[in-house]
Amino acid sequence: MKQEENVLLDIEDLVVEYHAAGIVVQAVNHINLRLCRGETLGLVGETGAGKSTTALSILKLLPERTAKMSAQKLFFDNTDLLSVREADMRAIRGACISMIFQDPMTSLNPVMTVGDQIAEAIALHNAEVLTKQEIQKRSKEMLELVGIPAYRSNDYPHQFSGGMKQRVVIAIALACQPELLIADEPTTALDVTIQAQVLQLIADLKEQLNTSMILITHDLGIVAQTCSRVAIMYAGEIVEIGTAKDIFEADLRHPYTIGLFDSIPDLALDVPRLRPIEGLMPDPTALPSGCKFHPRCPQCMEICKVQHPSLFVDQEHQILCHLMKNSDAQDLENGGPL
């Protein structure tokens, strides 16, 4: 079984649960996701939505003792990751799929120089074809590629600022020129100025190396700048997915997506307060029946409480909501009557 030629990543019916002390945490619930070559996909949602677990599932880095993963399909570049042995998976990580983790402070080894840490990633996948001198040379080239002078390759992580540490982490992730880069909230710990620089750096390197990317974030402003497609996650499900134009401009959108946009301050509007989404994310050990968003949804109907919604599809735009089948769904965007 092969995937379409332009599809780099193909996920079908992915489920991830964590089991500990008799408790089952439903982290990811039957999601489907496709990523084409050269595409940037934004994965958006509140903390606890299942974004990072989805990313770790792709790399098969979930904790063995507590996590249970299943899927109908998990293909990367015509390779079935579900059947790949761990030794082969280690060859894929870094060389074909790389990940920028959330916190550069904990991603780097404090007792190794940054140059050695980049060289280690390169040597792992190229030791048979590159000499030690060539590996060191490429390590310094990667540092310069992310805007750090090569002479600083002998410095340790504690000698760098937060923004420069993040650049080192990006250099490690891109050292072997992977086909897919997963960036898990890469600017969370950075101030606004450095955040803009890092995002521009990632975008430039992605273009230069022709890398596909999944950008995990809760910042819709970042998504607008960098992503061609967007998937909105809630309680382990993808409740809406489409092009950036669909998510930002379409008349029909999921109530959760609308809530996310209403939570963003708009200086052009004379509104004294933001309109936050009422309530909290549901407990993943006891998810509500029906639509997972219904306890917080201002447009909730009785059917939402008992029946899981089916997918509404309009070309590339897909929405998981009962309201989309309602004859007055066009009033949803403006909060009109149902």
Side-chain angles (χ1 to χ4, degrees), residues 9 11 13-20 23-35 40-71 74 76 81-82 89 92-94 96-108 162 165-166 169-170 172-174 178 180-190 195 198-199 202 211-223 226-227 229-241 256-257 260 280-285 287 292-293:
L9 180 69
I11 301 172
D13 198 27
L14 176 66
V15 177
V16 180
E17 295 178 345
Y18 294 105
H19 295 250
I23 298 172
V24 179
V25 176
Q26 297 170 297
V28 175
N29 302 300
H30 304 283
I31 71 166
N32 301 302
L33 198 61
R34 275 189 170 190
L35 181 72
T40 300
L41 173 71
L43 201 55
V44 183
E46 294 171 277
T47 299
K51 307 184 298 298
S52 295
T53 297
T54 300
L56 293 174
S57 300
I58 296 169
L59 286 164
K60 297 179 75 173
L61 286 175
L62 297 168
E64 291 184 6
R65 289 191 174 186
T66 57
K68 291 187 177 181
M69 181 186 81
S70 66
L74 183 56
F76 171 76
L81 298 182
L82 293 174
M89 196 67 212
I92 291 173
R93 298 186 193 113
C96 303
I97 309 174
S98 280
M99 186 166 178
I100 301 172
F101 294 94
Q102 285 189 30
D103 188 0
M105 313 299 177
T106 58
S107 298
L108 296 172
K165 286 179 186 176
Q166 190 63 285
V169 171
I170 293 170
I172 294 172
L174 294 174
L180 173 59
L181 175 66
I182 302 173
D184 189 358
E185 302 196 25
T187 60
T188 298
L190 308 178
Q195 181 183 96
V198 169
L199 286 173
I202 292 174
T211 302
S212 303
M213 183 167 73
I214 296 176
L215 176 63
I216 298 172
T217 183
H218 53 259
D219 190 328
L220 287 165
I222 292 175
V223 170
T226 59
C227 299
R229 278 203 312 140
V230 185
I232 308 294
M233 284 196 75
Y234 183 82
E237 295 181 333
I238 293 179
V239 296
E240 183 169 4
I241 188 169
Y256 179 59
T257 306
L260 290 177
L280 300 172
M281 284 277 290
D283 182 352
T285 64
L287 293 174
K292 305 297 185 290
F293 185 60

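No experiment lies behind these values; they were computed from the predicted model shown.
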**Student:** Using the side-chain hydrogen bond (donor to acceptor under 3.5 Å, both in side chains) criterion, which residues pair with Thr54? Sequence neighbours excluded.
**Tutor:**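 In terms of side-chain hydrogen bond (donor to acceptor under 3.5 Å, both in side chains), with neighbours along the sequence ignored, Thr54 is linked to no residue.
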**Student:** When rounded to the nearest 0.5 angstrom, what is the spacing between NE2 in His19 and OG1 in Thr66?
**Tutor:**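 If I round to the nearest 0.5 Å, the distance is 9.0 Å.
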**Student:** For Thr226, check side-chain hydrogen bond (donor to acceptor under 3.5 Å, both in side chains) against everything at least two apart and list the hits.
**Tutor:**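 Counting only residues at least two positions away or on another chain, Thr226 forms no side-chain hydrogen bond (donor to acceptor under 3.5 Å, both in side chains).
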**Student:** As an exercise, state the distance from NE2 of His30 to OG of Ser70, rounded to the nearest 0.5 Å.
**Tutor:**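 Result: 7.5 Å between the selected atoms.
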**Student:** Please examine the side chains of Leu56 and Phe101, heavy atoms only from C-beta on, and report whether any two atoms are closer than 4.5 Å.
**Tutor:**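 Contact flag for Phe101/Leu56 side chains = yes.
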**Student:** Please list, chain by chain and in numerical order, all residues satisfying side chain to side chain contact (heavy atoms under 4.5 Å, CB included) with Thr47, sequence neighbours excluded.
**Tutor:**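 Side chain to side chain contact (heavy atoms under 4.5 Å, CB included) list for Thr47, sorted by chain: empty.
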**Student:** How many angstroms lie between atom CG of Leu43 and atom CD1 of Ile238, to the nearest 0.5 angstrom?
**Tutor:**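 Between Leu43 CG and Ile238 CD1, I get 6.0 Å after rounding to 0.5 Å.
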**Student:** So, using side chain to side chain contact (heavy atoms under 4.5 Å, CB included) as the criterion, who are the partners of Ser98 when residues are at least two apart?
**Tutor:**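 Ser98: side chain to side chain contact (heavy atoms under 4.5 Å, CB included) contacts with Ala173, Pro178, Leu181.
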**Student:** For the pair Ile214 and Ile58, evaluate side-chain contact (heavy atoms from CB on, under 4.5 Å) and give the outcome as yes or no after the intermediate values.
**Tutor:** CA-CA 11 Å; Ile214 296 176; Ile58 296 169; 4.0 Å; yes
**Student:** Which is it for Phe293 and Val239 under the side-chain contact (heavy atoms from CB on, under 4.5 Å) test, yes or no, and what are the steps along the way?
**Tutor:** CA-CA 9 Å; Phe293 185 60; Val239 296; 5.9 Å; no
**Student:** Distance check, rounded to the nearest 0.5 Å: Met281 atom CE versus Lys292 atom NZ?
**Tutor:**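 If I round to the nearest 0.5 Å, the distance is 11.5 Å.
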**Student:** Would a 4.5 Å heavy-atom cut-off, applied to side chains only, mark Tyr256 and Ile232 as touching?
**Tutor:**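 SC-SC contact between Tyr256 and Ile232 confirmed.
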**Student:** What do the steps show when you test Leu9 against Ser212 for side-chain contact (heavy atoms from CB on, under 4.5 Å), and what is the final call?
**Tutor:** CA-CA 10 Å; Leu9 180 69; Ser212 303; over 6 Å; no
**Student:** Under the rule for salt bridge (charged side-chain N to carboxylate O under 4.0 Å, His left out), what residues qualify as partners of Glu46, not counting sequence neighbours?
**Tutor:**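 Listed in chain order: Arg296.
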**Student:** Tell me if a side-chain donor or acceptor on Asn32 pairs with a main-chain N or O of Asp13 at a distance below 3.5 Å.
**Tutor:**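 Yes; at least one donor-acceptor contact below 3.5 Å.
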**Student:** Do the side chains of Asn29 and Leu287 get nearer than 4.5 Å, heavy atoms only?
**Tutor:**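 Of all side-chain heavy-atom pairs linking Asn29 with Leu287, at least one is under 4.5 Å.
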**Student:** Identify the two heavy atoms, one from Leu61 and one from Arg93, that lie closest to each other, and give their separation to 0.1 Å.
**Tutor:**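 Distance-wise, the nearest heavy atoms are CD2-NE, 3.5 Å.
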**Student:** What's the spacing between Ile97 CD1 and Phe76 CZ if we round to 0.5 Å?
**Tutor:**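 Ile97 CD1 to Phe76 CZ: 4.5 Å, rounded to 0.5 Å.
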**Student:** Rounded to the nearest 0.5 Å, what separates atom CD1 in Ile202 from atom CG in Leu174?
**Tutor:**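 Between Ile202 CD1 and Leu174 CG, I get 8.0 Å after rounding to 0.5 Å.
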**Student:** Return yes if some donor-acceptor pair links the side-chain N/O of Gln166 with the main-chain N/O of Pro186 below 3.5 Å, else return no.
**Tutor:**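 Yes, Gln166 side chain to Pro186 backbone: donor-acceptor pair under 3.5 Å.
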**Student:** Are the side chains of His218 and Leu260 in touch, meaning some heavy atoms are under 4.5 Å apart?
**Tutor:**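 No, their side chains stay 4.5 Å or more apart.
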**Student:** I want to check something: taking the side chain as every heavy atom from C-beta on, are Ile172 and Leu108 in contact at a cut-off of under 4.5 Å?
**Tutor:**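 Result yes, sub-4.5 Å side-chain heavy-atom pair found.
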**Student:** Going by the rule side-chain hydrogen bond (donor to acceptor under 3.5 Å, both in side chains), which residues pair with Thr53 if we only count those two or more places apart in sequence or in a different chain?
**Tutor:**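 Thr53 satisfies side-chain hydrogen bond (donor to acceptor under 3.5 Å, both in side chains) with Tyr18 once adjacent residues are dropped.
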**Student:** Tell me, which pairs form a salt bridge (Lys or Arg N to Asp or Glu O under 4.0 Å) where one or both residues lie in residues 47-66, sequence neighbours left out?
**Tutor:**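 For residues 47-66: none.
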**Student:** Decide side-chain contact (heavy atoms from CB on, under 4.5 Å) for Leu41 and Leu33; before the verdict, give the C-alpha distance in whole Å, the side-chain angles of both, and the deciding distance to 0.1 Å.
**Tutor:** CA-CA 10 Å; Leu41 173 71; Leu33 198 61; 3.7 Å; yes
**Student:** Considering residues at least two apart in sequence or located in another chain, which fulfil the side chain to side chain contact (heavy atoms under 4.5 Å, CB included) criterion with Asp184?
**Tutor:**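 Partners of Asp184 under the side chain to side chain contact (heavy atoms under 4.5 Å, CB included) test: Ser52, Met99, Gln102, Ile216.
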**Student:** Just by distance, no angles: are the side chains of Thr285 and Asp283 close enough, under 3.5 Å, to form a donor-acceptor pair?
**Tutor:**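 On atom types as modelled, these side chains qualify, holding a pair under 3.5 Å.
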**Student:** Given side chains that start at C-beta, do those of Ser57 and Leu14 come closer than 4.5 Å, heavy atoms only?
**Tutor:**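 Yes. Closest side-chain heavy atoms under 4.5 Å.
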